[in-house]
Protein chains: 2
Amino acid sequence: MTELSERKKLILAAVVEQYIKTGEPVGSKELLSLTGMSVSSATVRNEMSELSAMGYLEQPHTSAGRVPSQKGYRYYVDNLMKDREIDELNRRMIEAGISSAAGDPEKLIAQAGEVLAELTKCACVSTAPGGDAVIIRKIELVPVGLHSAMLVLLTSNGILKSRLCRLDCELTAKICEEFYNIVDSCIIGKPAADISVVSMQTAAASVDSDPFAMLPLMAAVCELARSMEDSRIMLGGSSNLFSHKDYGVGAIELFEFLNKREPLTAVMSGVKEPLDIIIGKENLYRQLENSSVIVAKYSVSGKDSGSIGLIGPTRMDYESIIPSVKYLTDIVGRMITQAIEE
Amino acid sequence: MTELSERKKLILAAVVEQYIKTGEPVGSKELLSLTGMSVSSATVRNEMSELSAMGYLEQPHTSAGRVPSQKGYRYYVDNLMKDREIDELNRRMIEAGISSAAGDPEKLIAQAGEVLAELTKCACVSTAPGGDAVIIRKIELVPVGLHSAMLVLLTSNGILKSRLCRLDCELTAKICEEFYNIVDSCIIGKPAADISVVSMQTAAASVDSDPFAMLPLMAAVCELARSMEDSRIMLGGSSNLFSHKDYGVGAIELFEFLNKREPLTAVMSGVKEPLDIIIGKENLYRQLENSSVIVAKYSVSGKDSGSIGLIGPTRMDYESIIPSVKYLTDIVGRMITQAIEE
DNA sequence: GTTAGCACTCGACAGTTTTGAGTGCTAAAA
DNA sequence: TTTTAGCACTCAAAACTGTCGAGTGCTAAC
């Protein structure tokens with residue numbers, strides 16, 4: 001990719017920024033007044049014409065102004081955009097919004113997502129801390145009536161899940177004891193990902209008393225471990241998408257796409273960089289072709305642990321959104337680290 | 001309200017049903033072929049004209065057919081609609097959809113809402129079992145690390161909630177013991193609604209050791225009791241609203257209205273009858289003026305316990321939706337009753 | 001009370017014109 | 001070689017026009 005002349009850069013940046021601001025195609029005269037360049041509109045037109053030929057700009061139709069192409073956004077994001085600090089206002093909003101959930105990592109991430117979505121008017125996808133390295137720290141069995149109990153599971157990243165479990169037979173003290181034996185020997189300290197139905201069945205079979213009493217409990221443990229993974233992904237502020245006229249009725253389709261969680265998981269896990277920006281058709285899913293995705297990872301105790309992503313129209317305000325995302329992942333990572341290292 | 005002639009009833013019913021089916025205004029000729037009446041279209045026009053004058057029908061514009069007015073729908077629902085049994089297919093769908101969540105009342109209601117929404121293509125609001133009569137059955141304190149613990153709360157209607165709680169000081173055995181003392185004497189058996197911040201503070205103050213150690217725990221209990229109430233209301237299938245062309249872009253506003261839960265709570269709690277149908281502007285909220293709400297209560301152990309409501313366009317298929325709602329509340333009530341009486 | 005007939009209304013649709021913003025090109029100026 | 005002014009051209013959006021047809025309301029006759 002050949003380097004652009006300074007004047008072309010100036011024009012491209014102005015087109016992108018103005019288009020982001022107004023949503024209207026930008027014409028040559030408007031551009032003159034925006035940049036304050038001391039040349040005529042004809043000169044600008046020539047430059048724009050070349051930028052179009054090079055693929056950075058495009059025209060909705062012959063007699064309209066120019067609009068950034070996907071390539072144009074990409075160049076802008078990679079080379080032209082200023083690397084700002086987060087706005088004071090945004091910073092305050094974020095801090096105020098998440099402080100109330102400081103103690104509970106899962107709630108914290110959920111809340112962080114809501115705040116960020118509200119701030120940016122985008123949809124926010126976030127994943128609770130987790131990943132392969134999550135180990136099970138503690139399991140507790142709380143009896144509830146004669147034939148059922150609640151299982152409580154705590155992991156190394158501070159996530160807490162509970163689930164009701166019904167037994168076929170009475171929940172005796174002996175069963176409880178044996179359950180805790182199995183838990184201590186086969187589950188505590190193991191990665192959540194390793195808890196499989198088979199390993200649990202084997203464990204249940206090794207028990208002194210009736211193994212069938214133990215099965216529902218073991219099954220519940222499995223399901224709980226599984227749900228750790230499944231419920232990691234969270235979606236917030238998806239109705240913000242309706243406020244962007246860029247999408248038009250397409251907002252509905254996008255909304256429904258986001259509410260099917262599976263593809264979201266794929267999108268989030270496809271990200272490798274600490275901060276990744278995926279523009280328009282660079283997305284793997286057709287449903288996102290008019291959207292940009294900004295994903296940043298956060299780390300807990302120095303390890304990548306989850307990420308927070310924003311989904312909005314390609315015409316989003318990258319320059320102000322990116323610092324917010326960076327700041328949020330940073331602070332969230334620190335807060336969770338602190339919460340679990342007590 | 002004067003009684004309508006048989007022929008007027010026939011015509012009104014036909015207009016309502018046809019309009020529900022097609023969404024198009026119904027004209028005089030069309031009505032003839034629908035009802036099979038042996039009079040001319042002019043006669044039908046005269047009748048329709050009178051029905052319009054009486055307020056049961058209205059015209060979108062001079063040269064269009066007639067559409068039921070709100071009063072027309074009301075008359076139809078109260079007097080003309082047949083009281084059908086639930087469709088075999090719907091019954092099966094409901095049973096299949098909710099069977100997997102039989103053990104956990106809260107999940108069951110959530111799932112029931114999803115199924116009903118899917119079946120009817122409406123949004124479904126439901127409230128988990130609860131109300132004034134809910135008493136706290138059990139509280140468990142599960143230590144998690146040195147300075148925090150998870151509180152688990154179980155109520156008489158089978159709802160289970162947990163919450164992480166951080167302490168300022170170390171969680172000693174003594175604190176645990178004292179906590180359980182307070183719980184046993186002041187909390188268990190009490191209605192959840194009675195748990196107030198003040199009563200908890202008093203309880204914390206009565207303790208032997210440092211009352212400040214107990215405060216966060218008591219605060220968490222309060223919050224948990226409060227959240228029992230707050231989290232009762234659930235919304236499912238709200239994106240179905242987008243599929244109704246009746247709403248047009250208004251669907252977005254309605255969607256956003258529903259996602260603010262507060263007004264929903266008001267709508268649901270305003271209902272007194274076992275089965276209530278609120279049509280169009282009868283709703284208290286402007287945002288629902290083009291919608292109808294059908295709410296049915298379910299009862300657990302013979303007591304009213306919660307309700308399930310549907311929200312859809314005024315032009316909804318009352319005749320098939322109502323039996324589904326009735327059936328669902330009935331079966332859900334029985335399932336929960338069975339689950340908690342074990 | 002019912003019917004046939006007819007004038008009338010009005011939205012939907014399709015085609016036409018007008019408007020104005022914005023471009024591309026060319027020839028002259030710098 | 002770069003820049004500029006001027007002008008013809010393009011095209012979407014908006015305003016306007018005329019036609020069509022479904023459906024009504026009214027009247028006079030049955």
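Keep in mind that what you see is a predicted model, and the values were worked out from it rather than measured. Quick note on labels: first sequence line is chain A, next is B, and so on, each numbered from 1.
- Nearest to the side-chain atoms of S28(A) among the listed nucleotides dT4(D), dT23(C), dT24(D) stands dT23(C).
- Closest to the side chain of S49(B), from the set dA5(D), dT3(D), dG25(D), is dG25(D).
- Of the side-chain N and O atoms in R66(B), none sit less than 4.0 angstrom from OP1 or OP2 of dG23(D).
- Distances were taken from every side-chain heavy atom of R7(A) (C-beta onward) to each of dT3(D), dT4(D), dT23(C); the shortest belongs to dT3(D).
- Residue I321(B) is tested with I277(B), L119(B), I294(B) for a side chain to side chain contact (heavy atoms under 4.5 Å, CB included); the sole match is I294(B).
- For T62(A) against dC11(D), no side-chain N or O and base N or O form a donor-acceptor pair under 3.5 Å.
- Contact between the side-chain N/O atoms of T43(A) and the OP1/OP2 oxygens of dT4(D) is found at a separation under 4.0 Å.
- Residue S63(A) places no side-chain N or O under 4.0 Å from the OP1 or OP2 atom of dT10(D).
- Among the nucleotides dT3(D), dG25(D), dA5(D), the one closest to the side chain of Q59(B) is dG25(D).
- For H61(A), the listed nucleotide lying nearest its side chain is dC11(D); candidates were dC11(D), dG23(D), dT3(C).
- The M48(A) side chain lies nearest to dT23(C) when the options are dT3(D), dT23(C), dT3(C).
- Here the C1' atom of nucleotide dA21(C) and the CZ atom of R45(A) are 11 Å apart, to the nearest Å.
- A salt bridge is defined here as a Lys NZ or Arg NE, NH1 or NH2 lying under 4.0 Å from an Asp or Glu carboxylate O, and R92(A) with E88(A) meets this definition.
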Margin query: Does N90(B) form a side-chain hydrogen bond (donor to acceptor under 3.5 Å, both in side chains) with S324(B)? I'd like the steps, not just the answer.
Written below: CA-CA 7 Å; N90(B) 284 359; S324(B) 295; 3.2 Å; yes
